[in-house]
Amino acid sequence: MRVGHAAPASGNAETPMHANLDAQSPDLTAAAQRLRPARLADLFAQDPERARRLSFGWNDWHVDVSKERIDAPALAQLLQLATQANLAHWIAALFAGEKLNLSEQRPALHPALRAPDADAVVVDGVDVAAEMRATRERMATLATAIRDRQRVGATGRPITQIVNIGIGGSDLGPRLCCDALADPGETAAGSPEIAFVSNVDPAHLARTLARCDAAATLFIVTSKTFTTQETLANAQGARAWLARELGATAGLAPHFVAVTTNVGAARAFGMREDDIFPMAEGVGGRYSLWSAVGLSIALRLGWRRFAEMLEGAHAMDLHFRQTPFPRNLPVILGVLACWNTRWLGHSQRVVVPYAQALARLPAYLQQLQLESNGKSVTRDGAALRAPSAAAVWGDVGTDSQHAFFQWLHQGTQEVPVEFIVPVRARHPLGDQQRLLVANALAQAQALLVGRHDDALRKELLAQGYAGTQLEAAIAARRCPGNRASTTILLPQLDARNLGALLALYEHRTFVEAILYGINPFDQWGVELGKTLAKPVAAALAGDAHAVDGADASTRTLVEKARALAADGR
Ligand code: F6P
């Protein structure tokens with residue numbers, strides 16, 4: 001079935017963006033005019049029910065958007081916009097496995113990967129769910145074999161160390177999950193050690209190999225395409241190292257498994273048939289951790305925890321599919337993201353997980369949101385008439401309080417912040433978790449209320465300040481407040497909640513894409529750099545004419561880099 005199109009978003013690129021938004025939704029333009037100059041504190045004063053009205057529950061989660069620059073009528077108008085954009089239709093099409101990725105004529109099958117076994121997902125006449133089930137069974141078998149020390153390397157020693165070689169979606173999701181869910185005594189309790197090598201910088205592989213025992217190491221070469229330059233270079237580097245360490249004659253195949261759609265290329269690399277784990281073409285890299293790309297998670301944490309992540313993600317899928325928009329978390333967060341970008345003009349969003357275990361979440365979200373929605377054309381190929389996704393960045397709390405929070409509190413621009421706060425510690429230690437949660441809530445409060453002149457004047461007068469010194473001291477300490485944030489409270493960071501959280505972000509990204517009218521499932525912009533790297537690499541290797549057609553700056557940089565490289569020889 002051909003997927004229908006949402007309300008057209010294409011038009012004349014010359015038209016000013018605000019004019020297009022006015023035409024698209026005059027009510028929202030009026031709401032933005034009303035709310036942009038409003039003080040958030042006044043909105044709370046005017047509506048004693050505001051915190052309740054603008055907070056949303058799901059299971060035992062609590063999502064509070066009352067500190068965003070929004071009110072209930074504007075939110076209702078945004079939900080109306082989502083309805084006009086045919087969001088319900090698009091959600092149904094996503095879950096039906098329709099080919100939403102028009103530029104590549106592919107479906108987006110990540111929800112199917114976590115669907116219960118009974119559900120069939122038919123693409124081009126094939127039940128892809130059955131293939132996914134078969135792969136899952138093989139993943140579970142390998143996880144058990146490794147964790148039971150049944151898988152042995154070339155010398156007969158059991159595998160106890162895993163290195164995932166992959167980049168982008170073949171790295172970020174699995175790395176985040178392994179990091180997030182490992183217990184402090186994970187390795188001592190019998191789980192294999194895990195490392196991730198993504199960068200083609202030789203230091204990444206070299207430092208990792210320095211910690212590995214070749215006879216006990218298994219490399220998972222994770223690459224949907226099996227053509228990614230960085231991953232192939234690192235896989236070849238790993239093979240050369242194994243050959244050196246174990247002797248070139250040793251059969252190295254037991255030290256490798258592959259995760260890929262390109263089974264032929266994995267075979268050509270030397271992978272054994274049983275060690276190749278396929279994935280469907282319709283699973284996008286940044287949406288792939290639920291597929292065989294999650295093999296590293298299953299090996300490191302065991303099948304049970306990986307399966308619980310799938311269950312948590314599926315629970316969020318059901319919520320997204322079945323819940324009316326006014327209580328639907330991905331929809332609410334998606335329309336709010338669009339509101340912040342398009343109507344309030346924020347080109348950035350900061351994400352701060354108050355959980356060391358989620359240290360990799362900002363990097364994961366950067367790929368998910370920016371590779372998906374960093375587009376300038378609609379799915380029909382017309383220029384966008386208003387901005388798409390905001391840049392996302394961040395780091396863990398409380399560390400980031402001692403880095404960029406100064407800029408958030410007193411800098412010249414307001415950037416909405418997202419606080420993610422698992423309330424209970426999985427591994428409590430003294431009073432630390434309470435302090436962690438207190439800091440998260442207090443920072444959101446501080447962004448809202450700020451620090452104002454009257455209170456400061458009183459404090460500073462009491463300390464003996466006077467005259468121009470007093471005025472300067474007030475100015476330096478003043479925090480304007482009135483800065484927006486969302487807070488997501490989770491009971492605890494376990495496998496189910498992590499699965500649900502990542503699925504929430506996937507679906508929010510999808511909702512945003514539908515409102516922008518873009519295809520979130522392709523990434524053509526990434527290709528150009530990859531293509532241009534080839535002649536530059538050839539030039540660095542000595543091909544005198546490889547960059548003849550390049551601009552003068554690039555040619556000079558190549559020349560200088562060659563000279564510097566030669567100096568070091
Ligand atoms: O960065 C571009 C990209 O194509 C991502 O979408 C993908 O996750 C990554 O490269 C890795 O690709 P592959 O899994 O094919 O090696």
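What you see is a predicted model; the values in this text were computed from it and never measured. Atoms within a ligand are numbered from 1 in the order they appear, just like the ligands themselves.
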Query raised in the report: What protein heavy atom sits nearest atom 2 (C) of ligand 1, and how far away is it?
Result: V526 CG1, 3.3 Å
Query raised in the report: Ion pair present between R426 and D494, side-chain N to carboxylate O less than 4.0 angstrom?
Result: no
Report summary line: Nearest non-hydrogen protein atom to atom 6 (O) of ligand 1, with distance, is E371 OE1, 2.7 Å
**Report entry** Which residues share a ring-ring contact (aromatic ring centres under 6.0 Å, His included) with Y505, sequence neighbours left out
**Finding:** none
Report task. Could you name the option among N262, T228, D171 that has the heavy atom nearest to atom 12 (O) of ligand 1? Result -> T228
Query raised in the report: Taking 4.0 angstrom as the limit, do D124 and R106 come out as a salt bridge?
Result: no
Report task. Name all pairs fulfilling the ring pair (Phe, Tyr, Trp, His ring centres under 6.0 Å) condition that reach into residues 276-299, sequence neighbours left out, sorted by first residue then second. Result -> H110-Y287, Y287-F521
Requested in this report: Any atoms of ligand 1 less than 4.0 Å from a non-hydrogen atom of K530? List them with their elements.
Outcome: 4 (O)
Requested in this report: Could you tell me whether R114 and E506 make a salt bridge, using a distance below 4.0 angstrom between a side-chain N and a carboxylate O?
Outcome: yes
Query raised in the report: Polar-atom distance check: Q367 versus ligand 1, any N or O pair below 3.5 Å?
Result: yes
Query raised in the report: So, is T231 polar-close to ligand 1, with some N/O to N/O distance under 3.5 Å?
Result: no
Requested in this report: Flag the pair R151 and D275 as a salt bridge only when some basic side-chain nitrogen lies within less than 4.0 angstrom of an acidic carboxylate oxygen.
Outcome: yes
Query raised in the report: Charged N to carboxylate O below 4.0 Å: is that the case for K375 and E512?
Result: no
Query - Enumerated ligand 1 atoms positioned under 4.0 Å from heavy atoms of T225 - result: 13 (P), 15 (O), 16 (O)
Query raised in the report: Is there a heavy atom of E230 sitting under 4.0 angstrom from any atom of ligand 1?
Result: no
Report task. Run down the list I165, I167, T261 and name the one with the heavy atom closest to atom 9 (C) of ligand 1. Result -> I167
Query raised in the report: What protein heavy atom sits nearest atom 8 (O) of ligand 1, and how far off is it?
Result: G169 N, 2.7 Å
